[in-house]
Amino acid sequence: MSEAIAMTEHQPTHEVKGRMGMWWFLASEIMTFGGFIAIYVLYRMASGGAWSSMAEHVSTLMGTINTVVLLTSSLTIVKAYEAIDKQDRKSAQRFLLITLILAFAFLGVKAIEYATEISNGYTPLTGIFWSFYFVMTGLHGLHVVGGIVAIGALYIMAIRGTLWNGTQKRVEYIGLYWHFVDIVWIFLFPLLYLSY
Amino acid sequence: MSDTGHAHPNYVAIWGWLLLLLFISLGAVYLPFSQGVTVTFIFIVAAVKACIVATYFMHLKFEESLVRYIAIIPVILFVIMTLTLIPDIGTR
Amino acid sequence: MSEHGNGHAEPTSFLRKYVFSIDHKVIGKQYLFLSLFMALFGGLMAYYMRWQLAWPETAIPGAGWIPEPMAFGGIIPPEFYNALITLHGTIMVFFVGMPLLLGALGNYLVPLMIGADDMAFPRLNMMSFWTITTASLVLMASFFVEGGAASAGWTGYAPLSADPIHTGVGWGLNLWIMALALEFTSFLMGGINFLTTVVTMRVPGMTMFRLPLMVWMQITAAVLFMLSVGPLIAGAILLLLDRTVGTGFFIPERGGDPLLWQHLFWFFGHPEVYVVLLPGLGAIMEILPVFTRRPIFGYKTIVYSTIVAGALSFLVWAHHMFVSGIDPQIVMPFSITTILISVPFAVIIFAFMASLWGGSIRFTTPMLFAIGTIVTFIIGGVTGIFNGSAPVDIFIHDTYFVVAHFHFTLFPDVFLGGFAALYFWFPKMFGKMMNETLGKVHFWWTTITFNMVFIPMFLIGAGGHMRRIYNPLQYDFLKPMQDINIFITWSAVALLVGQLVFIFNFFWSMYRGKKAEDNPWEATTLEWAAAPTPPPHGNFETVPTVYHGPYEYSCPGQETDWQPQHVEKGSVAA
Ligand SMILES: [Cu+2]
């Protein structure tokens, strides 16, 4: 707690405010996704193994690919932050672009997955496992879309050269958000793809 | 030199560890253990992965304690909520 | 000055200054007017319900304007009665209590009390206000869609709420869920703002234990809200999908579990009552020292008790569900935690009483309301113990005893506490004093009629009078109690009509009131002692430095009996 309290002895910087605000936001996000995960786990326990036959039909391969994609995008955005810290504008811009491409790749794979499942007859109304599957991955997907908007805005600012007068710190806060989206997926992956 | 006052760990190596853990949990599914053991194991691995991302990528390791509390307290809370609801919802 | 903190320039256009303002003081007032406006609706609904209970299925005076099929010539059908109980609860908790105590008081006071020039994120602050305004519009619009407004109670229990076939309400309930989702979003934005502001923007010398207690209450409330609402948001999304897409998360025939909704709702619901409660108590904590001219008793004890109560509030939720068929194994633990949670609140109340003891009390209107809040809240708190112990609860559950209990906690907090706060801070907010005589008339009228409404409710509740029934005369065993119902209704009419005194005083004083000085109550905290009245854009002419705690009254050896936080002891008071 010492740093935050010490900060009040002089001007609070936008950096401290931004990071603090983002962490409080993430706390509420943890509770929301935590709520979903809790509900899923409890229902699955109550079902007494009846869901396994439904859970078999998700594509573990696609899920694995997406896990690798998202883990890698976490790496690239933290590299962008590191580059900004080291005043290396060029690689910061490049890492932002790679992150953006990986985020789109994630959504692409997800879209293929959804299309295959729906054409095979697995919709949100097929059974309660599939309801959970579509709601949880859908909500996570919306968070990815939100991340794309934010990272895209940072990338456009980087191209225009407006990312550098204090605003470059936003890469750190958006990065925190993006890592959180990654962590959610780290749990969704075994919950939905591995435990049949 | 960095202007945030903390060092940057070797992010690529951390990424390598994360991938390794991913493939360990994938492999565990094919080992001949009971479902209970396998599920427990892959969730422990997932928790470890999440901790690594939070500690290094989200630099909780270098943060003040207030930020750590902000991150940990909600996790504890929803775990408590889940455990409390097991007799009521989970074993219905 | 403009370089301190956010340093946004003072706006000049009307739209930027009064409508889409990013100044926390303007936003605080916007919240104030929104909450008072919504309170009129909540009160009107209470009047319709009370009339129906006293003289069932007769034409209600003043309800003739309600179009069909909501009412028929002033007579309300059961469906509309159910919508009234639902919307009365929803409006009073989420659209009056929270915007008044957190939105208005929190926004206006927190930056001033910590010496900051604005919130940490002024634009987010503006967005939070416009989000709850949208939510209010969505909620009011839900009356006019086909099938009428939500009628599953303010708790929206599944499966009643999960499938339109049970209530006949279609989009009305969907819009209700969406309005709540927007309201939650608004207060999440607000909470992030409050917490970041208090952590990062305190002026030099303002340590955590020199914060006025109101700030402590606001940040504890923000943390409680932020940590409890998430699972309910998850549940609300699932409920909306059940209703619109046709999933079955809360519908037993489709594999869902309706009981889970109750768990999710009350996991949020109990911390939520403290979210509303704490800022109201915070106002009392500011008012007591000013009008007793002595420090509040046990500052740190109050802070720690609040934190303990906040933490415990996450472990008591199932006391709302003792008769819902939950596992008997978890009934006893929840009974115990519920009884335990009264301990920190008892400590706080004793601190209040000790603060009053031996003080030279100035009986101004805010002080009267503060004392009134404490006295009525004690009744609410003590009757909570009955509800909290499972054996008694099984008897009184879903009776008017419960209705009386929670009105005895929330009414003193939101309205008596809110009035105390408004009479107290009105001079700072609007630069004028409110009329004291009218204020005292308002106090005595409101407190007496409030007790006349709700004390009889304990009696009929103990007599078995169920809550949420349309027509008590349908039950023979309730018929002997009908005279009490009629008495309650007349008292409620008196209570509501009495509020005209406040409305008149509020607007009359705003234009014709005596001009307020910078520090009319001779208070020590920064918003009174260091900021001009009304505070300019940016709040302070110079950044204050804080030298001591917030309640230094009657210090020996000082010229005046109050020592402002930003003036060093021994130096001449500014
Ligand atoms: Cu409760």
Side-chain angles (χ1 to χ4, degrees), chain A residues 1-48 50-51 54 123-136 138-139 142 173 184, chain C residues 3-7 114-116 119-121 124 184-185 188-189 191-208 222-223 225-238 241-242 245-249 251 254-257 260-261 263-264 267-268 543 546:
Chain A
M1 198 175 281
S2 53
E3 191 193 326
I5 285 164
M7 279 317 297
T8 62
E9 301 301 325
H10 48 89
Q11 290 293 319
T13 60
H14 283 281
E15 187 201 342
V16 172
K17 284 195 229 168
R19 200 194 310 140
M20 194 55 73
M22 180 53 78
W23 271 109
W24 285 114
F25 169 68
L26 292 182
S28 68
E29 286 274 77
I30 293 172
M31 284 313 285
T32 308
F33 274 104
F36 274 110
I37 291 172
I39 300 167
Y40 174 88
V41 169
L42 290 165
Y43 275 24
R44 188 149 187 180
M45 284 175 76
S47 78
W51 292 15
M54 290 190 265
T123 70
L125 300 181
T126 311
I128 199 155
F129 170 80
W130 286 101
S131 305
F132 271 112
Y133 170 84
F134 280 102
V135 172
M136 287 163 82
L139 199 74
L142 284 179
Y173 325 140
V184 171
Chain C
E3 289 307 306
H4 176 55
N6 306 289
I114 65 170
M119 284 284 182
F121 309 112
L124 188 70
F184 295 160
T185 315
L188 278 176
M189 294 187 217
I192 291 168
N193 227 336
F194 283 20
L195 290 163
T196 309
T197 306
V198 174
V199 172
T200 63
M201 291 179 73
R202 283 166 288 131
V203 284
M206 183 62 90
T207 59
M208 289 308 273
V223 171
F225 183 75
M226 187 170 272
L227 296 182
S228 62
V229 79
L232 184 63
I233 291 177
I237 292 172
L238 300 182
L241 291 172
D242 275 5
V245 180
T247 53
F249 295 109
I251 300 173
R254 300 186 206 145
D257 191 339
L260 181 72
W261 171 265
H263 279 300
L264 297 176
F267 180 82
F268 162 74
V543 180
V546 169

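Letters go in sequence order (proteins before strands), and every chain restarts at 1.
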Bottom line for Val223(C): the part with an atom under 4.5 Å from chain A's heavy atoms is side chain
Would you find a donor on one side and an acceptor on the other, under 3.5 Å apart, between the side chain of Tyr43(A) and the backbone of Phe249(C)? yes
Thr247(C) meets the side-chain hydrogen bond (donor to acceptor under 3.5 Å, both in side chains) criterion, sequence neighbours left out, with Asp242(C)
Using heavy-atom distances under 4.5 Å, tell me whether Ile114(C) contacts chain A through its side chain, its backbone, both, or neither. neither
Assess whether side-chain contact (heavy atoms from CB on, under 4.5 Å) is satisfied between Ile39(A) and Leu264(C), documenting all intermediate values. CA-CA 9 Å; Ile39(A) 300 167; Leu264(C) 297 176; 3.7 Å; yes
Can you confirm whether Leu188(C) sits close enough to Trp24(A) that some side-chain heavy atom of one is under 4.5 Å from a side-chain heavy atom of the other? no
Measuring from Glu29(A):CD to Ile233(C):CD1, what's the distance to the nearest 0.5 Å? 8.5 Å
Taking salt bridge (Lys or Arg N to Asp or Glu O under 4.0 Å) as the test, write out the residues that go with Asp257(C), two or more places apart. Arg92(B)
Which distance, rounded to the nearest 0.5 Å, do you find between the CD1 of Ile192(C) and the CE of Met20(A)? 12.5 Å
Non-hydrogen atoms of Gly35(A) and Ala234(C) that approach each other most closely: C-CB, 4.2 Å
So, the part of Leu227(C) with a heavy atom under 4.5 Å from chain A: the answer is both
So, the part of Leu195(C) with a heavy atom under 4.5 Å from chain A: the answer is both
Checking heavy atoms, do the side chain of Leu238(C), its backbone, both or neither come under 4.5 Å from chain A? side chain
Nearest heavy-atom contact between Met226(C) and Met31(A) is O-CG, 4.2 Å
Under a 4.5 Å heavy-atom cut-off, does chain C meet the side chain of Phe134(A), its backbone, both or neither? neither
Relative to chain C, which segment of Leu139(A) carries a heavy atom at a distance below 4.5 Å: side chain, backbone, both, or neither? side chain
